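Everything on this sheet refers to the single structure shown next.
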Amino acid sequence: MEVTCLLLLALIPFHCQGQGVYAPAQAQIVHAGQACVVKEDNISERVYTIREGDTLVLQCLVTGHPRPQVRWTKTAGSASDKFQETSVFNETLRIERIARTQGGRYYCKAENGVGVPAIKSIRVDVQYLDEPVLTVHQTVSDVRGNFYQEKTVFLRCTVNSNPPARFIWKRGSDTLSHSQDNGVDIYEPLYTQGETKVLKLKNLRPQDYASYTCQVSVRNVCGIPDKAITFRLTNTTAPPALKLSVNETLVVNPGENVTVQCLLTGGDPLPQLQWSHGPGPLPLGALAQGGTLSIPSVQALDSGYYNCTATNNVGNPAKKTVNLLVRSMKNATFQITPDVIKESENIQLGQDLKLSCHVDAVPQEKVTYQWFKNGKPARMSKRLLVTRNDPELPAVTSSLELIDLHFSDYGTYLCVASFPGAPVPDLSVEVNISSETVPPTISVPKGRAVVTVREGSPAELQCEVRGKPRPPVLWSRVDKEAALLPSGLPLEETPDGKLRLERVNRDMSGTYRCHTARYNGFNVRPREAQVQLNVQFPPEVEPSSQDVRQALGRPVLLRCSLLRGSPQRIASALWRFKGQLLPPPPPAVPVAAEALDHSELHLDAVTRDSSGSYECSISNDVGSATCLFQVSAKAYSPEFYFDTPNPTRSHKLSKNYSYVLQWTQRDPDAVDPVLNYRLSVRQLNQHNAMVKAIPVRRVEKGQLLEYILTDLRVPHSYEIRLTPYTTFGAGDMASRIIHYTEPINSPSLSDNTCHFEDEKICGYTQDLTDNFDWTRQNALTQNPKRSPNTGPPTDISGTPEGYYMFIETSRPRELGDRARLVSPLYNASAKFYCVSFFYHMYGKHIGSLNLLVRSRNKGALDTHAWSLSGNKGNVWQQAHVPINPNGPFQIIFEGVRGSGYLGDIAIDDVTLKKGECPRKQMDPNKVVVMPGSGVPCQPCPRLWGPMAIFLLALQR
């Protein structure tokens with residue numbers, strides 16, 4: 001029935017306004033959520049102050065047509081910081097539990113393609129107050145020679161806060177200051193982190209041994225309470241002192257259990273002990289209890305520095321460090337160095353030769369090396385020398401120098417590295433010296449200088465090394481500065497000269513360098529070669545998807561272009577229409593196949609039969625990519641106009657409202673003219689919809705179209721769907737949701753009625769000087785435990801969704817408590833006004849309902865215009881109150897609590913209109929009855945409208 005009524009009453013004339021309404025975006029930032037204050041600072045920037053942990057809500061209110069898109073971005077505290085994307089493309093920015101690091105400047109950028117984007121900003125200042133930290137320091141100095149010593153104590157209180165904290169020092173319960181005690185000094189030191197205040201106790205006196213409290217405050221900004229910390233100073237107060245149960249360097253064997261004790265030797269108050277490890281956390285399985293650290297079955301990875309720290313906030317923390325070294329050896333390498341003086345790179349008889357051996361060990365300096373020749377210990381002589389710590393080689397390297405090489409020096413040399421007396425296996429490396437020992441050469445195998453693979457496949461780059469011995473091969477990138485290998489390393493070793501890559505991608509294309517290592521071979525200039533890697537990948541095309549609109553009978557050119565690919569050429573281009581293969585289109589201009597970078601399809605005319613989906617598949621022999629074109633003559637979607645001033649119109653005496661719907665047509669000249677629009681109106685949560693065709697004449701670009709939707713039910717929202725129709729048929733549909741909003745503008749002849757259905761309650765506000773507030777509720781939000789026999793069951797319309805305002809008179813309310821609801825400020829443009837409203841005063845403890853007028857002509861002056869007291873029954877009744885303000889004014893509904901809790905008073909449907917009230921006033925003590933029934937209206941259905949009022953008047 002509701003839908004039928006909507007069909008009959010929605011036939012309002014259709015309006016067109018000929019002006020273009022496209023307008024650039026405008027933006028304004030407003031705040032919601034839990035802001036403490038929003039203020040303007042001295043450089044006219046908006047500052048939003050919020051407490052850390054609260055919810056930040058910023059709204060970017062935009063105007064402009066088409067509807068602007070909103071994007072939020074942020075910078076940190078200073079303009080020099082990098083711009084950070086918040087990835088919020090919405091008009092509302094919401095941050096739950098905001099942190100101090102999220103403070104800074106927030107930008108709202110609104111753009112709609114018309115003119116330049118609108119950018120507004122607001123600075124968010126996050127307020128916080130951490131727990132203060134109090135530390136004590138003392139100095140002892142000689143005064144006047146050695147006659148006596150002066151002991152000075154400094155109590156340092158530090159806190160992190162925003163805004164800057166205020167410090168208060170107390171001794172016991174007494175506040176300290178310079179003027180009251182010459183023995184104290186309070187100052188702020190320079191170059192400290194955080195905010196700091198120091199209490200200096202000069203030449204310590206007996207009364208200075210007491211409890212000291214540092215209280216910090218941000219003056220209750222954002223409701224942040226003060227915080228404090230207390231320290232008791234005694235004649236035994238002292239900083240912590242430590243000693244270790246082991247040496248500062250502790251060398252152990254792998255597998256041993258290690259226990260280190262950190263012993264307190266001083267400190268008052270009793271210090272707290274803590275163990276830490278660097279680098280990284282304590283080893284898995286390590287146990288720190290008080291000052292004792294236990295590590296079971298230590299391994300080489302457990303080596304490092306272990307720190308024991310004692311703190312008691314007196315003086316500096318005491319710290320002792322143990323360098324734990326777990327014996328280990330790895331990576332045994334050798335080097336063959338020909339005669340350096342003669343700059344030789346080959347082994348030659350009569351020249352010097354040096355063999356070097358090195359292992360990575362912990363501890364490095366404890367490693368011993370032993371040389372063997374042909375299985376026997378090498379004998380030292382004038383021509384055979386063993387050296388250690390050669391400055392040209394890594395630390396703790398053993399070198400065997402052969403002076404004036406003889407044929408008898410050829411043989412197999414063995415270097416053995418060991419930890420004497422430790423259960424660590426020896427490491428050895430073998431070097432063969434002969435006439436066949438030659439330096440390396442490196443080359444790329446034939447046909448492997450350029451490697452071409454497809455993206456996603458494995459690849460193998462190879463360099464061949466010749467020589468004896470054969471050293472490892474190191475790989476790196478050449479063509480990209482500081483580029484890393486796919487492994488993430490700048491350099492990668494391969495024992496066989498092959499660099500294996502898994503699942504290559506296009507970013508791996510380029511030149512790779514291979515070169516010989518200077519270890520496990522000759523210590524000479526590295527030999528190198530290069531390999532080119534080409535990664536083939538499928539083509540990338542544009543447009544990937546395109547919507548092509550054209551009027552019926554007009555030609556269309558479709559073009560699919562190759563952006564990139566490897567190889568960068570088109571091997572084939574296939575066109576399909578609705579999945580069916582089309583004949584290959586002839587090229588407009590003859591071009592060599594290698595130079596072709598696009599494919600085109602020409603349609604002579606758009607028809608209903610030629611409309612649909614076209615695909616162009618471009619291949620480069622590696623893969624293919626597709627351009628998709630949607631060709632049609634259907635109209636683009638309408639663009640709803642969101643800047644309509646006061647689109648909602650409410651109707652007195654009924655729970656209906658009308659809505660002014662406005663829109664423009666997007667690019668109307670792209671296709672055939674729009675003939676009409678199909679309008680669908682559906683109440684949310686309902687299935688039925690009203691459908692209507694709206695004929696139009698020729699629509700111009702930027703022309704504002706308008707249609708008035710009527711008999712919409714308060715407070716329901718509706719989904720609106722609007723579809724343009726041309727000779728081709730239906731175009732793209734646009735949809736939006738419209739919501740009921742109460743009027744908040746000054747009274748006018750439109751005679752707006754406030755039903756209190758919107759949370760903004762028509763701009764009414766709660767008076768801050770009264771005892772309690774009015775409450776907005778409906779039958780669905782009523783407290784099920786509310787007091788019986790008082791208050792209305794529903795609003796005046798009788799629907800459970802309808803809202804009204806009422807005063808709750810249960811505890812803690814007392815006799816005479818007042819609640820005031822204040823209207824917006826109205827500019828008087830007439831001599832007389834009439835205030836009409838419905839009231840409900842039911843209960844044996846009903847107090848009074850007063851209507852006051854607050855004149856703003858010269859200050860604020862409240863005058864009584866109407867008053868009613870006592871129980872008036874469980875019915876809604878209407879009052880008309882004439883007022884004649886002499887300047888800007890507000891109306892105030894004042895509810896006064898009676899003698900008990902059964903005294904709830906409610907109001908609904910407030911109307912303020914120009915002119916005098918109806919001459920025949922309805923007696924407020926009479927009950928409104930339904931026509932012909934003699935039954936009181938509980939409540940009176942406003943759905944009757946003016947006809948019901950007319951019948952009621954005839955009956956009377």
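If you read the sequence from its start, that first residue is 1, and numbering goes on from there. In what follows, every heavy atom counts, from backbone to side chain, and hydrogens, waters and symmetry copies are set aside. Every value quoted in this text rests on a predicted model; they were computed, and no experiment measured them.
- For R682, the CZ atom sits in a packed shell: over 12 heavy atoms of surrounding residues, nucleotides or ligands are nearer than 6.0 Å.
- We find that D547 and K634 are not joined by a salt bridge, their nearest charged nitrogen and carboxylate oxygen being 4.0 Å or further apart.
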| message | One pair to check against side-chain contact (heavy atoms from CB on, under 4.5 Å): S855 and N886. What are the steps and the verdict? | response | CA-CA 8 Å; S855 175; N886 56 4; 3.4 Å; yes
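- We find the CG-CH2 distance between L93 and W72 to be 5.5 Å, quoted to the nearest 0.5 Å.
- Residues Q102 and V124 have side chains not in contact (no heavy-atom distance under 4.5 Å, counting atoms from C-beta outward).
- L661 has its side chain within reach of I720: a pair of non-hydrogen atoms, C-beta onward, lies under 4.5 Å apart.
- Between the CG atom of L849 and the CD1 atom of I907 there is a distance of 7.0 Å, given to the nearest 0.5 Å.
- The shortest non-hydrogen separation linking N874 to H840 is OD1-NE2, 2.9 Å.
- Residues passing the side chain to side chain contact (heavy atoms under 4.5 Å, CB included) test with E700, sequence neighbours excluded: R698, Q703.
- Between Y826 and F889, the two ring planes are tilted [angle within 30° to 60°].
- Residues M805 and T775 have side chains not in contact (no heavy-atom distance under 4.5 Å, counting atoms from C-beta outward).
- A25 approaches A118 most closely through the heavy-atom pair O-CB, 3.3 Å.
- Considering every non-hydrogen atom in both L712 and L709, the closest pair reads CD1-CB, 4.1 Å.
- Checking each of F806, F837, F838 against F893 for a ring pair (Phe, Tyr, Trp, His ring centres under 6.0 Å) leaves exactly one that passes, namely F837.
- Ionic pairing of D770 and R818 is not present here: no N-O contact between side-chain nitrogen and carboxylate oxygen is shorter than 4.0 angstrom.
- Heavy-atom contacts from other residues, nucleotides or ligands closer than 6.0 Å to CZ of R67 number more than 12.
- No donor-acceptor pair under 3.5 Å is formed between the side chain of W866 and the backbone N or O of A879.
- Here the shortest heavy-atom pairing between N676 and P695 reads CB-CA, 3.7 Å.
- Here the side chain of N112 pairs no donor or acceptor atom with the backbone of Y22 at under 3.5 angstrom.
- To the nearest 0.5 Å, atoms OG1 (T723) and CG (L679) are separated by 9.0 Å.
- Taking the side chain as every heavy atom from C-beta outward, W774 and V822 never approach each other to under 4.5 Å.
- N656 places no side-chain N or O within 3.5 Å of a backbone atom of T710 that could act as its donor or acceptor partner.
- Qualifying ring pair (Phe, Tyr, Trp, His ring centres under 6.0 Å) partners for Y641, counting only residues two or more places apart in sequence or in other chains: H65.
- Within 6.0 Å of CD1 in I737 there are more than 12 heavy atoms belonging to other residues, nucleotides or ligands.
- The two residues G802 and E757 come nearest to each other via the heavy atoms CA-OE2, 3.5 Å.
- For the pair P638/Y677, a side-chain contact is recorded, criterion being any heavy-atom separation below 4.5 Å from C-beta on.
- The closest side-chain heavy-atom distance from E801 to P715 is below 4.5 Å.
- Taking 4.5 Å as the limit, some side-chain heavy atom of I891 sits within range of a side-chain heavy atom of I883.
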### Task
Dump the intermediate steps for side-chain contact (heavy atoms from CB on, under 4.5 Å) on L675 and T727, then the final yes or no.
CA-CA 8 Å; L675 303 177; T727 54; 4.0 Å; yes
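- Contact record, I708 with S658: CG2-CB, 4.2 Å, taken as the closest heavy-atom pair.
- A donor-acceptor distance shorter than 3.5 angstrom exists from the side chain of Q665 to the backbone of Y636, with no hydrogens or angles considered.
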Is there a side-chain contact (heavy atoms from CB on, under 4.5 Å) between L851 and I892? Walk through the geometry before answering.
CA-CA 6 Å; L851 178 68; I892 302 173; over 6 Å; no
Requested in this report: Tell me, with the steps shown, if Y803 and Q777 meet side-chain hydrogen bond (donor to acceptor under 3.5 Å, both in side chains).
Outcome: CA-CA 5 Å; Y803 282 87; Q777 77 170 19; over 6 Å; no
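- With respect to E96, the side-chain contact (heavy atoms from CB on, under 4.5 Å) criterion is satisfied by exactly one of T55, L56, V57, D54: T55.
- Note that CD of Q686 and OH of Y718 are 8.5 Å apart. Values are rounded to the nearest 0.5 Å.
- Of the possible polar contacts, one joining the Q782 side chain to the P793 backbone as a donor-acceptor pair under 3.5 Å is found.
- When side chains are defined from C-beta on, P882 counts as touching C917, because their heavy atoms get closer than 4.5 Å.
- No donor-acceptor pair closer than 3.5 Å links the side chain of W663 to the backbone N or O of L704.
- Around CG of N783, the count of heavy atoms belonging to other residues, nucleotides or ligands within 6.0 Å exceeds 12.
- Geometrically, R820 does not engage F772 in a cation-pi contact defined by less than 6.0 Å to the ring centre and at most 45° from the axis.
- Between the side chain of E894 and the backbone N or O of N850, no donor-acceptor pair lies under 3.5 Å.
- Under the 3.5 Å distance criterion, with hydrogens and angles disregarded, a donor-acceptor pair is assigned to the side chains of Q662 and T644.
- Of the possible donor and acceptor atoms, one in the side chain of Q890 sits under 3.5 Å from a partner among the backbone N and O of S823.
- Checking S611 against S632 by side-chain atom types alone, no donor-acceptor pair falls below 3.5 Å.
- Checking side-chain atoms of Y657 against main-chain N and O of H716 turns up a donor-acceptor pair under 3.5 Å.
- Within a 6.0 Å radius of NZ in K831, no more than 12 heavy atoms belonging to other residues, nucleotides or ligands are found.
- Partners of F756 according to the ring pair (Phe, Tyr, Trp, His ring centres under 6.0 Å) rule, which considers only residues two or more places apart in sequence or in another chain, are Y764.
- A salt bridge links R549 with D732: the closest approach of a Lys/Arg side-chain nitrogen to an acidic carboxylate oxygen falls below 4.0 angstrom.
- With rounding to the nearest 0.5 angstrom, the CZ atom of R697 is 13.0 Å from the CG atom of L705.
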- Task: May I have the step-by-step check of ring-ring contact (aromatic ring centres under 6.0 Å, His included) for Y106 and Y48, ending in yes or no?
- Result: CA-CA 10 Å; Y106 285 82; Y48 179 109; 9.0 Å; no
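- Between atom CD1 of residue I796 and atom CD of residue Q878 there is a gap of 8.0 Å, rounded to the nearest 0.5 Å.
- Within the 3.5 Å criterion, the main-chain N or O of T63 finds no donor-acceptor partner in the side chain of D643.
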- Message: salt bridge (Lys or Arg N to Asp or Glu O under 4.0 Å), that's the test. Do R854 and D767 meet it? Break it down for me.
- Response: CA-CA 12 Å; R854 176 172 292 172; D767 194 337; 3.6 Å; yes
